[in-house]
Structures are given as C-alpha cells and as structure tokens.
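Each remark here refers to the structure printed beneath this line.
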Amino acid sequence: MSAPQELRELLLSRIIDVPDYPKPGVMFKDITPLLADAEAFAALTDALAGLCERHGATKVVGLEARGFILAAPVAVRAGLGFVPVRKAGKLPGATLAQSYDLEYGTAEIEMHADALVAGDRVLVIDDVLATGGTAEASLKLIRRAGAQVAGVAVLMELGFLPGRARLEPVLDGAPLEALITV
C-alpha cells in the first residue's frame, strides 16, 4: 500500500535527487531535507506510527543507520519500545548476529540477544528498500529471537531493484509497506 496522495506529494517534495553519489551513475535519494522539515517529518512519523497500530506491533526495529532516525520517533509516537539492529561489533553485551550476501561479499547485523521475546510483534522500519538484504537478515534475526514479524515499513522503495521480490518469501505473509515507490 502506498501513502495517500497528499502525504506522498509532501514527502517527495522534501527528497532531493543527488546525481552520481556515492559513485557515478547512481541517483542518490537524500532524505535530510525531509528530516529538517518539521511538518514533513511529523507527517512521516505519524504515518509509520499508524502502521504500527494497524499491524499490531509491540516493538519497532530500526535498521542502521537512517532507519534509526525514522524508527525511534515512530516508537515514541506509537508508545512502543525501540530496538536497534546494528552492523556487527557495535553493540555491547550478548548479541544475536545474522550474516547476509552483498553483491560482492557478505555483511553481518546484530541486535541484543534479550531485546525481543516470544510474543513480541515487530515492525521493521527503514528509509529505503533497495536490494532487500539488510531487511531480509533482520527478519531472520527477529524470528530467531522468538518474536513475530508484524511487517516491514519503508519511506521509499526503489521499485527498479529486487528488494520486494527478495523479501516476499521471508515475510511469510507479513505486509511490506512503502509510503513511496520510485
């Protein structure tokens, strides 16, 4: 499901295309102007908090790093706990780790081993769905912790990349919601 047209237009008007960043041929979608606009950031936060309620989430997971910026205020607005999923080696104490494949090589993400418990329903929030590798790994982590996946919500889905197709098998029926698809 995409966002209502008015919200979609507001969000899109605050996202800037930066050509050839971080390398030639890439059109980077810069969300920092959206974050700097109190009205747009509040509208985004409200929309994502509404998804928490609609999907019965009891916890919010934010994916490093821009996912933290979006997910933390959503958790506060929705009255839920926030769980950061970080790159390997960034969290103290006992963690659960999940590796995943990149175009060239592998990467690993972690969360605290005690951050989620059986019965938790988790909404994963990130800024962009591109290839889906990090989101896929986060869903596996959530299930390994004994929690349920309430869904995945992103500000923007890059529809020309295979993220949705990669996630569909591991979503196991949970929704994938993109407020904007480009």
Side-chain angles (χ1 to χ4, degrees), residues 11 15 22 28-32 34-36 40-102 105-158 163 166-167 170-172 174-179:
L11 299 176
I15 297 170
F28 184 79
K29 300 292 188 180
D30 183 8
I31 68 166
T32 58
L34 186 158
L35 300 174
F41 195 16
L44 171 60
T45 301
D46 289 343
L48 293 171
L51 294 178
C52 289
E53 184 177 337
R54 182 170 353 132
H55 299 305
T58 62
K59 293 267 176 75
V60 174
V61 156
L63 302 182
E64 188 168 327
R66 289 180 300 269
F68 294 175
I69 296 168
L70 303 185
V74 167
V76 171
R77 182 77 42 95
L80 305 175
F82 168 73
V83 177
V85 169
R86 303 217 49 197
K87 295 174 185 170
K90 300 285 187 180
L91 292 170
T95 60
L96 292 176
Q98 181 68 48
S99 62
Y100 60 100
D101 292 328
L102 299 169
T106 62
E108 190 173 58
I109 56 172
E110 294 179 333
M111 72 176 180
H112 281 124
D114 61 356
L116 300 173
V117 296
D120 279 334
R121 287 186 46 80
V122 182
L123 184 71
V124 175
I125 295 179
D126 205 4
D127 64 329
V128 175
L129 175 62
T131 63
T134 308
E136 177 186 31
S138 74
L139 298 181
K140 290 177 180 178
L141 260 183
I142 289 163
R143 291 194 176 110
R144 283 182 42 223
Q148 299 174 344
V149 174
V152 174
V154 296
L155 165 59
M156 185 176 4
E157 178 179 355
L158 304 181
R166 182 175 184 168
L167 284 184
V170 74
L171 281 166
D172 197 28
L176 168 56
E177 307 243 18
L179 299 181

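In this text, all values refer to a predicted model and were calculated from it rather than measured experimentally.
Taking the side chain as every heavy atom from C-beta outward, Leu129 and Leu158 never approach each other to under 4.5 Å. Using a 4.5 Å cut-off on side-chain heavy atoms (C-beta onward), His55 and Pro175 make contact. Side-chain contact between Asp172 and Arg143: present, with at least one pair of heavy atoms (C-beta onward) separated by less than 4.5 Å.
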CA sep, side-chain torsions, deciding dist, call: Ile69, Phe41, side-chain contact (heavy atoms from CB on, under 4.5 Å): CA-CA 10 Å; Ile69 296 168; Phe41 195 16; 4.2 Å; yes

Carefully, step by step, assess Leu48 and Leu179 under the rule side-chain contact (heavy atoms from CB on, under 4.5 Å). CA-CA 9 Å; Leu48 293 171; Leu179 299 181; 4.0 Å; yes

Begin with the C-alpha distance, continue with both residues' side-chain angles, and end with the deciding distance and a verdict on side-chain contact (heavy atoms from CB on, under 4.5 Å) for Met111 and Leu141. CA-CA 8 Å; Met111 72 176 180; Leu141 260 183; 4.3 Å; yes

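Across every non-hydrogen atom of Val83 and Lys59, the tightest pair is CG2-CD, 4.2 Å. In terms of heavy-atom proximity, Ser138 sits nearest to Ile109 at N-CD1, 3.6 Å. When all heavy atoms are compared, the tightest approach of Gly62 to Phe68 is O-CE2, 3.3 Å. Residues Val74 and Cys52 approach most closely at CG1-SG, 3.7 Å, considering heavy atoms.
With sequence neighbours excluded, the residues that form a side chain to side chain donor-acceptor pair (under 3.5 Å) with Arg144 are Gln98. Applying the side chain to side chain donor-acceptor pair (under 3.5 Å) criterion to Thr32, with sequence neighbours excluded, gives Asp30. Residues satisfying the side chain to side chain donor-acceptor pair (under 3.5 Å) test with His112, not counting sequence neighbours, are none. With sequence neighbours excluded, no residue forms a side chain to side chain contact (heavy atoms under 4.5 Å, CB included) with Ala42. In this structure Ala147 satisfies the side chain to side chain contact (heavy atoms under 4.5 Å, CB included) test together with Leu116, Asp120, Val122, Ile142, sequence neighbours excluded. With sequence neighbours left out, Ala88 forms a side chain to side chain contact (heavy atoms under 4.5 Å, CB included) with Glu108, Glu110.
The list of salt bridge (charged side-chain N to carboxylate O under 4.0 Å, His left out) pairs with a residue in residues 131-140, not counting sequence neighbours, reads Glu136-Lys140, Glu136-Arg166. The stretch residues 124-135 participates, sequence neighbours left out, in these side-chain hydrogen bond (donor to acceptor under 3.5 Å, both in side chains) pairs: Arg66-Asp127, Tyr100-Thr134. Listed by first and then second residue, the salt bridge (charged side-chain N to carboxylate O under 4.0 Å, His left out) pairs that reach into residues 78-93 are Glu64-Arg86, sequence neighbours excluded.
One distance of note links CG of Leu44 with CD1 of Ile125; it measures 8.5 Å at 0.5 Å rounding. The NZ atom of Lys29 sits 7.5 Å away from atom CD1 of Ile15, with the distance rounded to the nearest 0.5 Å.
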I'd like a table of donor-acceptor pairs (distance under 3.5 Å, sequence neighbours excluded) in which one partner is a side-chain atom from residues 148-156, with atom names and distances.
{"residue": "Gln148", "atom": "OE1", "partner": "Arg121", "partner atom": "NH1", "Å": "3.4"}

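Screening Leu35, Val60, Leu63 for a side-chain contact (heavy atoms from CB on, under 4.5 Å) with Leu70, the sole residue that qualifies is Leu35.
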